[in-house]
Enquirer: 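The structure's right below; bear with me while I get my questions together.
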Amino acid sequence: MSLLEVGRTHTCGELRREHAGATVVLFGWVHRRRDLGARIFIQLRDRDGITQLDFAEELGAEAYALGESLRSEDCIAVRGKVADRGENANADMATGEIEIKVTEVEVFSKSQTPPFVVADDDRLDAGENLRLQYRYLDLRRPVMQHNFRVRSQIGYLTRKSLAEAGFYELETPYMVKYTPGGARNFLVPSRIHPGQFYALAESPQIYKQLFMVSGFDKYFQITRCFRDEDLRNDRQPEFTQIDVEMSFATPERIFAPMEALMRTLWKEILDVELEDTFLRMSWDEAMARFGSDKPDIRFGLELNDVTEHVRDSGFKVFDGAECVSGLCVPADKAGGLSRKVIDNLTEFVKQRENGGAKGLAWTRIGEDGTWSGAVGKNVRPEVQAALTEAMGAQPGCVLMFIADGWHTTHTVLCNLRLHLRDQLNLLEGNDNPWRFLWVTDFPMFEQNDAGQFVAAHHPFTSPRDEHVDMLVSDPAAVRAKAYDLVLNGNEIGGGSIRIHRSDVQAKVFTALGLSDEEAQFKFGFLLEAFKYGPPPHGGIALGLDRVAMLMTGAESLRDVIAFPKTQRGQDLMTGAPTIADDPQLAELYLTHRDLPASSTDE
RNA sequence: GGGGCGGUAGUUAAGUUGGUUAUAACGCCGGCCUGUCACGCCGGAGGUCGCGGGUUCGAGCCCCGUCCGCCCCGCCA
């Protein structure tokens, strides 16, 4: 009987000293091979671990002969007796107490020499393009196997946690009505309706709200979303959301099951106890203290808005600036801030990608309290005293200021703060490596380049009740019942309480400059549905890929997505996207136009 | 749409001011080795220097174009 029919008795990760003496059958891949002459050690790998095999003539001549021919990534079965390695045990391996004395081998299939080393352990021996081209081999690497085990657990625990909290798992279409605005959609041509298109859903937003109108009360879905926008390290054109919606919701009623979900994930997967209740912070406070709507609160170095203190300071850089704010680098961390380092920081803040400040005003506070440099020379002593007080400065501190518009000042200081976090090792000795935070009360609107108000979240986001009257009179001041879940400076989810009253919805459309006709054209079916007793409701969507990335410590979303696209949206393994030939296009009533010469494929 | 970094052996990288036969490590192949565990030792094979053009007596190196990968800005509820 072949070993395949016999079946494996154990995985490659589970044998221990107590199994010594047992005859076992293992299946797996040749991970590494150490040929000592008349004795060959082979490490056999499957998804659960690695077990050492021992081949020697006296254990089985036929098996030994086959063992000599085995090469990396061959797929094999072995039968043999578990032996205690005694003094030769390898403490670095989970199964290092034992090895298999191989008496029988079956080669399921040989492998060509792989284009890169799968058994790379911690070091990586391949560039990203090769890894993506041979993705199935890349995924064999133990690091990747671990990432996808975690990802699988996240899915399972999410379903378990939300189902137990009373949420129904319901599905929504991927092929949906095209609605302009928001993210760019991928389009799917309709064969049956010439010239017409579906869009791939950028999120299930409208459908989940309709579920609430339907009375399903609590909904969730682990679902794919599609956005045809430019890619980043943490952005893929298709990605997975844990999508949630709830009737009769308040923000707190949504936070509770989400926090419970996070606690479950961290406890079950990482064995970490998260706090009972996550910190909440308004958007205004987050911006004021950290210059960011997704602050990393694992360390201090908060912003200090000193605009009021430096009015008439005597320093030209400060006087007349719309907003002056600064960081106080504490004395015990400021040692590394040499003149040269600070000059580099000055270049850093000037770079456009970091916000583009005009410069960095800075001063070092001496042991006697005197301020160094141009800031010390120009800022009047009483203003220095006020700033020292306001920023909690001590001798030895370095103060850094940005004086610019409100937006620039906050953007630059946010980037500078994160830069200093890494440069000065400010996370060193951090006792809580997982700092969750709800950022609440986002602005209802943002202004685009033309000065028009656009929805910061989406047009169904409810304003705070007390701000409804300001929708027309002062849109910029309106705060929404919108919130993000932030982890260590990463946005991992966001949502809002939705509008369920048509009079409020009308005011929001007006503030957005959306006519009745336009609103009807874009969202008519939703507005119609809301005429039939919609419940108050709200929800949230979590980025499952980003959660997986943070939980595994992966450096890129691509390391937690099995078959990701490159930054230019290609699948290097299959070659997608490809040119469609004329018969296919004809069936869809499509024709190419103005195709750039470079895209004729190769 | 824009900015930056990179592309040299199967892989990862080095390659000086433009100058003889383009290096190293790992991998691969062959030989030796009975306790290795990133095994070791000896030997060997392996190159369209991304692609196209240009400058030059001569280009991996300089110039122009182009393709690909990565990072970032714009963009992205």
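Labels below follow one simple rule: chain letters A, B, ... track the order of the sequence lines, proteins then strands, and each chain is numbered from 1. Computed from a prediction, not measured in an experiment: that's the story for all the values here.
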Enquirer: From B/C75, B/G35, B/U34, pick the nucleotide closest to the side chain of A/Glu58?
Expert: B/U34
Enquirer: Between B/C76 and A/Arg235, counting only base atoms on the nucleotide and side-chain atoms on the residue, is there a donor-acceptor pair under 3.5 Å?
Expert: yes
Enquirer: To the side chain of A/Asn90, which of B/C71, B/C73, B/C37 is closest?
Expert: B/C37
Enquirer: Quick check: any donor-acceptor pair below 3.5 Å linking the side-chain of A/Asp35 to the base of B/C33?
Expert: yes
Enquirer: Kindly state whether the pair A/Phe41 / B/U36 counts as stacked, where counting means centroids closer than 5.5 Å and planes tilted less than 30° apart.
Expert: yes
Enquirer: Distance check, C1' atoms only: B/C64 and B/A24, in whole angstrom units.
Expert: 33 Å
Enquirer: Do we get A/Lys177 above A/Phe521's six-membered ring, with its NZ or CZ under 6.0 Å from the centre and within 45° of the axis?
Expert: yes
Enquirer: Looking at side-chain heavy atoms only, is the closest gap between A/Phe197 and A/Tyr178 below 4.5 Å?
Expert: no
Enquirer: Please give the distance between the C1' atoms of B/U8 and B/A22 as a whole number of Å.
Expert: 8 Å
Enquirer: Counting the atoms with a prime plus P, OP1 and OP2 as sugar-phosphate, which does A/Arg558 contact under 4.0 Å by heavy atoms, base, sugar-phosphate, or nothing?
Expert: sugar-phosphate
Enquirer: Which nucleotide, in any strand shown, forms a Watson-Crick or G-U wobble pair with B/G18, with both distances under 3.5 Å?
Expert: none
Enquirer: Classify A/Gln52 by what it touches in the nucleic acid, base, sugar-phosphate, or nothing, heavy-atom distance under 4.0 Å.
Expert: base
Enquirer: Of the candidate nucleotides B/C37, B/G35, B/C28, which contains the atom at the shortest distance from the side chain of A/Thr113?
Expert: B/C28
Enquirer: With C1' as the reference atom in both, quote the distance from B/G7 to B/G44 in angstrom, rounded to an integer.
Expert: 29 Å
Enquirer: From B/C71, B/A38, B/C37, pick the nucleotide closest to the side chain of A/Asn233?
Expert: B/C71
Enquirer: Nearest 0.5 angstrom please: A/Ile492 CD1 to A/Leu437 CG, how far?
Expert: 10.5 Å
Enquirer: Given A/Phe226, which of A/Tyr174, A/Tyr198, A/Phe239 fulfils the ring pair (Phe, Tyr, Trp, His ring centres under 6.0 Å) condition?
Expert: A/Tyr174
Enquirer: Check if the side chain of A/Lys565 and the base of B/G69 share a donor-acceptor pair of N or O atoms closer than 3.5 Å.
Expert: no
Enquirer: Can you tell me, in whole Å, how much space there is between the P of B/G60 and that of B/C75?
Expert: 44 Å
Enquirer: If the P atom of B/G31 is compared with that of B/G15, how far apart are they to the nearest Å?
Expert: 37 Å
Enquirer: If you count the non-hydrogen atoms of other residues, nucleotides and ligands that lie under 6.0 Å from CZ in A/Arg421, is the total more than 12?
Expert: yes
Enquirer: Tell me what A/Ala456 touches on the nucleic acid: a base, only sugar-phosphate, or nothing, going by heavy atoms under 4.0 Å.
Expert: sugar-phosphate
Enquirer: What contact category does A/Asp92 fall into here, base, sugar-phosphate, or nothing, at under 4.0 angstrom with non-hydrogen atoms?
Expert: nothing
Enquirer: Have a look at A/Glu446 and say if it touches a base, only the backbone sugar-phosphate, or nothing, with a 4.0 Å heavy-atom cut-off.
Expert: nothing
Enquirer: Please give the distance between the C1' atoms of B/A14 and B/C49 as a whole number of Å.
Expert: 13 Å
Enquirer: Report the relative orientation of the aromatic rings in A/His419 and A/Phe348; use parallel for angles under 30°, tilted for 30 to 60°, perpendicular for over 60°.
Expert: parallel
Enquirer: Using a heavy-atom cut-off of under 4.0 Å over every strand shown, decide if A/Leu130 touches base, sugar-phosphate, or nothing.
Expert: sugar-phosphate
Enquirer: Any idea which of B/U34, B/C72, B/C70 is nearest the A/Thr566 side chain?
Expert: B/C70
Enquirer: Could a donor-acceptor pair under 3.5 angstrom be found where the side chain of A/Asp230 meets the base of B/G74?
Expert: yes
Enquirer: Can you tell me how far C1' in B/G52 sits from the matching atom in B/A59, rounded to whole Å?
Expert: 15 Å
Enquirer: Nearest to the A/Leu132 side chain among B/C72, B/C70, B/U36, which nucleotide is it?
Expert: B/C70
Enquirer: The side chain of A/Val117 is closest to which nucleotide in this list: B/G27, B/C37, B/C72?
Expert: B/G27
Enquirer: State whether the distance check finds a donor on one side and an acceptor on the other, under 3.5 Å, for side chain A/Glu99 versus base B/G35.
Expert: yes
Enquirer: Under a 3.5 Å cut-off for both distances, is B/G74 Watson-Crick or wobble paired, and to whom?
Expert: none
Enquirer: Report the base-pairing partner of B/G60 (Watson-Crick or G-U wobble, both distances below 3.5 angstrom), or none.
Expert: none
Enquirer: Reckon A/Arg71 touches a base, only the sugar-phosphate, or nothing at all at heavy-atom distances under 4.0 Å?
Expert: sugar-phosphate
Enquirer: Determine whether A/Leu514 and A/Lys522 make a side-chain contact, defined as any pair of heavy atoms from C-beta on separated by less than 4.5 Å.
Expert: yes
Enquirer: Taking any heavy-atom pair under 4.0 Å as a contact, classify A/Gln570: base, sugar-phosphate, or nothing.
Expert: sugar-phosphate
Enquirer: Quick one: which of B/C72, B/C28, B/G35 gets closest to the side chain of A/Gln567?
Expert: B/C72
Enquirer: Less than 3.5 Å between a donor and an acceptor, one on the side chain of A/Arg39 and one on the base of B/C39, is that the case here?
Expert: no
Enquirer: Mind checking A/Glu491 for me? I need base, sugar-phosphate or nothing, with any heavy atom below 4.0 Å counting as a touch.
Expert: base
Enquirer: Given B/G69, is OP1 or OP2 found less than 4.0 Å from the side-chain N or O atoms of A/Arg131?
Expert: no
Enquirer: Whether the side chain of A/Arg232 and the base of B/G74 hold a donor-acceptor pair under 3.5 Å is what I'd like checked.
Expert: yes
Enquirer: Regarding B/U34, can its base be found pairing with the side chain of A/Arg34 as donor and acceptor, where the two atoms are less than 3.5 Å apart?
Expert: no
Enquirer: Of all the nucleotides listed (B/G10, B/G35, B/G69), which has the minimum atom distance to the side chain of A/Pro115?
Expert: B/G10
Enquirer: Taking the C1' atom of each, how far is B/G19 from B/C72, in whole Å?
Expert: 40 Å
Enquirer: Taking pairing as Watson-Crick or G-U wobble with both contacts under 3.5 Å, can you name the mate of B/G10, or confirm there isn't one?
Expert: B/C26
Enquirer: Taking only side-chain N and O atoms of A/Arg32, does any of them lie within less than 4.0 angstrom of OP1 or OP2 on B/C39?
Expert: yes
Enquirer: Side chains of A/Gln52 and A/Thr95: any donor to acceptor distance under 3.5 Å?
Expert: no
